[in-house]
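Just so it is clear, the model here is predicted, and its values are computed rather than measured. The sequence lines fix the lettering, A, B, ..., with proteins before strands; numbering per chain opens at 1.
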Amino acid sequence: MVDYLYDGTFEGFLTCVYYHYYGEKASGIYRKEDYQASLLSGCRSIVTEEKKASRVYEAIEKKISGEDLRRIYRVFLSSDEEKENKLLRYIRLGFQEGSGISLLHSNPIVFEVQRCEYKVNIETHRIKGLARFTALRNSSPRENGNEILYCSIEPDHDILEIIANHFADRLKNDPFIIHDKTRNKAVFAQGGSWYISGFTDKDLPLFGEGEREYRDLWKKYFDTIAIRERINPSCQKRFMPVRYWKNLTEFR
Amino acid sequence: MESTLEKLKILADGAKYDVSCSSSGVGRRNTGKIGSSAAAGICHSWSADGRCISLLKILFTNKCVYDCEYCVNRRTADVARASFEPKELARLTIEFYRRNYIEGLFLSSAVEVSPDYTAERIMSCIRLLRNEYGFGGYIHAKIIPGVSPEILHQIGLLADRLSVNIELPTKESLNLLAPQKKPKNIFAPMKQITQTLTERKQLKGAGTMFKNQDIYSAGNLSYLEPEGENISTGDGSLVDLTGRPLAAPEKGRSRKERFAPAGQTTQMIIGASPESDRQIVKTSENLYRTFKMKRVYFSAYIPVSNSPLLPTPFTAPPLAREHRLYQADWLLRFYGFTADEILDEKTPFLDLELDPKISWALRNIDKFPMEINKVSLDELLRIPGVGTTSALRIVRQRRLSAIQFDDLKKIGVVVKRARYFITCCGKYCGGPDIAPDYIKNEMLAAECIRNRLLPIDDNVQLSMFNPVANQWGTVANRPDPIRNLHGQRTVSHG
Ligand code: SF4
């Protein structure tokens, strides 16, 4: 038994799963950066190998199911510290049970993974609503209009690429950037396609024309729409946890 | 000329009592220039009253020529007045939408000049949005009673959802409080919408209440009459109701063209008139059955006038009642209950302290306890603490192995409620005896704590009751994220 250490990528994780089956059994899988050596088992650093990773990827899709593959990936994006080990257990069980695995709600292995997935999904869904774009002047207006939409988020989980599709579809006409401040990276999108790259917000361009006005209009709307007779801050906070507020136009 | 900011304030203020905010019910990818709608519905913010903000909910105008007693914007009320220009509102919607403040537009309106005058301006606003801006986001348009069928039809082709407010639960109340709104003018557009949806085979009913039934069958229109008095409504054809023929079906309409794909809803004011909960629930049941409404919304009356016909301005809005009515509505739509089961003549009002499902179970205690491993899906749904998701899970799971009491929590059953009403493999875990009074006391203690955390509308329940897999349908149905990882390369995580 050995602890496998990987580089933090999904392919790296899958490579570890490969070694679990074709090499020494894994006592655990950890990100290299976060690993604290344990006395009980040795550890081995794994170099990510695309080929081995795809073998596992395809095996999961074929022997468990496409939906479980997506589930595994979503859980991988979570910030749960034990996610790799929860997933390894899930994959192992999945190879035994096949596509029926997701129905075993009362099995602790399944339950743990579904709970992680739920957290990722719930945040994804939340951020789809809570992301706020600011129209900035486009420094190179030759490309597509004279504004670029910018949005900063600080999600608990690494959901940038899940929401990228959603917004790339929705905002086809506007080039946009969604900046994950916690992870210093951003989605850059234009005309429906997108990529992710490292990013810091050091040199953001100035507000576009009308940005102030629309912010004020939105704030006015936000304040007006609340019914005084029904004010209920605890309810408001329960749906929209305060940690998200700092990136919301209506509270700035 | 007022500035857009002033208009926004006046016209949002006038619209805020409208309850329906859900943007769900239609999934559409962006085929135009901007916008898509997510089938699961997305909340963008929550206002200080804890209500979800999903759509820009606003009146087109509040310069009303009508004088409904219960309304802030009635002709005789002393309030600031404003009207949007179609262009102005279209632009505002687009700019809000680009910034992801909103999911779409919920456009309601007072009657300025005449129903048709106002409806035409609303139509040109949403036409601008759809055709000029290529807006694919969600549009919910309120239909003003008395609008001509042609304009209604055009609006239906542009909007996702239409609604005509029923306003009050009975004809008597309507005559008294909204004398210019004739029942036939309310039903004519409702009927036209249902009929158009039927013709286009686009009809989708509310929740599961049409399970095993022909959704296209006709309903019973007698509910606006007082209970017991059964007044004939003729053959119920539109011509009868309006005295005016249906809009001629257009020739050669394109196949893609869809009419109100998210169906129609309506709204009823609670507490402005003296009807019992039983009448209200029966009216909603009939609205569902007759017009295949997607939703019937309730709105607790907030006193806005000194009218002697209405509760005094110091009356608190009946929020608890509204909440219980929504729970009863859920029982109708998703749990297979009928209005007569929820409330009978002996108990015309809902118990404000208890979930109506629990009240029903306590009144029918002889049907319990139910054996989790044996009873049918329909019976499972009647157990307090068992929701639609958990009921389905139970059915799937027990095929594999018998369900034990300890499994219930993981399945998603609210055990502290369900335990009084079930057995698991023959074992009863609800306490010494299955006695309604004892159970009721236990429940009340629990509800007391829960009530403090209650949401004031029911949109959250919506997500709690949906099966997890569907709830996040938008995630699940997206193109495979892993494929993206491989195709559209992540440049660096650095
Ligand atoms: S028609 Fe009646 S309810 Fe509508 S705005 Fe005018 S007064 Fe108010």
Legend entry - Heavy-atom contact with chain B under 4.5 Å, split by part of A:Glu213: neither
Inset, instruction - Drop me the distance from A:Gln236's CD to B:Ile53's CD1, to the nearest 0.5 angstrom. - result: 8.5 Å
Legend entry - Straight-line distance of B:Glu6 CD to A:Lys220 NZ, nearest 0.5 Å: 9.0 Å
Inset, instruction - Would you mind checking which part of A:Leu130 comes under 4.5 Å of any heavy atom in chain B, side chain (CB onward), backbone (N, CA, C, O), both or neither? - result: both
Legend entry - A:Phe167 portion near chain B, given a 4.5 angstrom heavy-atom threshold: side chain
Legend entry - Nearest-0.5 Å distance, CG of residue A:Leu171 to CG of residue B:Asn100: 7.0 Å
Legend entry - Backbone N/O of B:Leu5 and side chain of A:Tyr221: donor-acceptor pair under 3.5 Å: no
Legend entry - Residues forming a ring-ring contact (aromatic ring centres under 6.0 Å, His included) with B:Tyr301, sequence neighbours excluded: none
Inset, instruction - Give a yes or no on this: more than 12 heavy atoms of other residues, nucleotides or ligands lie within 6.0 Å of atom NZ of A:Lys62. - result: no
Legend entry - Nearest-0.5 Å distance, CG of residue A:Leu248 to OH of residue B:Tyr101: 10.5 Å
Legend entry - Basic-acidic side-chain contact under 4.0 Å: B:Glu103, A:Lys128: no
Inset, instruction - Looking only at non-hydrogen atoms, find the nearest pair between A:Trp218 and B:Ile102 and report the distance. - result: CZ3-CG2, 3.8 Å
Legend entry - Contacts with chain B made by residues 105-112 of chain A (heavy-atom distance under 4.5 Å), listed by residue number: A:His105, A:Ser106, A:Phe111
Inset, instruction - Kindly assign one of parallel, tilted or perpendicular to the pair A:Tyr214 and B:Phe96, based on the angle between their ring planes and the thresholds 30° and 60°. - result: perpendicular
Inset, instruction - Kindly write out the residues that satisfy side-chain hydrogen bond (donor to acceptor under 3.5 Å, both in side chains) with A:Asp7, not counting sequence neighbours, or none if the list is empty. - result: A:Thr9, A:Thr48
Legend entry - Among B:Leu408, B:Leu92, B:Leu11, residue most engaged with chain A (heavy-atom pairs, under 4.5 Å): B:Leu92
Inset, instruction - Give the member of B:Leu56, B:Thr4, B:Leu400 that has the highest number of heavy-atom pairs under 4.5 Å with chain A. - result: B:Leu56
Inset, instruction - Could you please state which residues from residues 97-104 of chain A sit under 4.5 angstrom from chain B, measuring non-hydrogen atom to non-hydrogen atom, sorted by number, or 'none'? - result: A:Leu103, A:Leu104
Legend entry - Within 6.0 angstrom of B:Lys409 NZ, more than 12 heavy atoms from elsewhere: no
Inset, instruction - Could you pull out the closest heavy-atom pair between A:Gly129 and B:His44, with the gap in Å? - result: O-ND1, 3.1 Å
Inset, instruction - Measure A:Arg115 against the heavy atoms of chain B and call it side chain, backbone, both or neither at under 4.5 Å. - result: neither
Legend entry - From A:Asp174 atom CG to B:Arg99 atom CZ, the distance as rounded to the nearest 0.5 Å: 9.0 Å
Legend entry - Heavy-atom contact with chain A under 4.5 Å, split by part of B:Ile403: neither
Legend entry - Among A:Arg215, A:Glu211, A:Glu250, residue most engaged with chain B (heavy-atom pairs, under 4.5 Å): A:Glu211
Inset, instruction - Find the one option among B:Ile302, B:Ile411, B:Ile58 whose heavy-atom pairs under 4.5 Å with chain A are most numerous. - result: B:Ile302
Inset, instruction - Nearest 0.5 Å please: distance from the OG atom of B:Ser45 over to the CE atom of A:Met240. - result: 4.0 Å
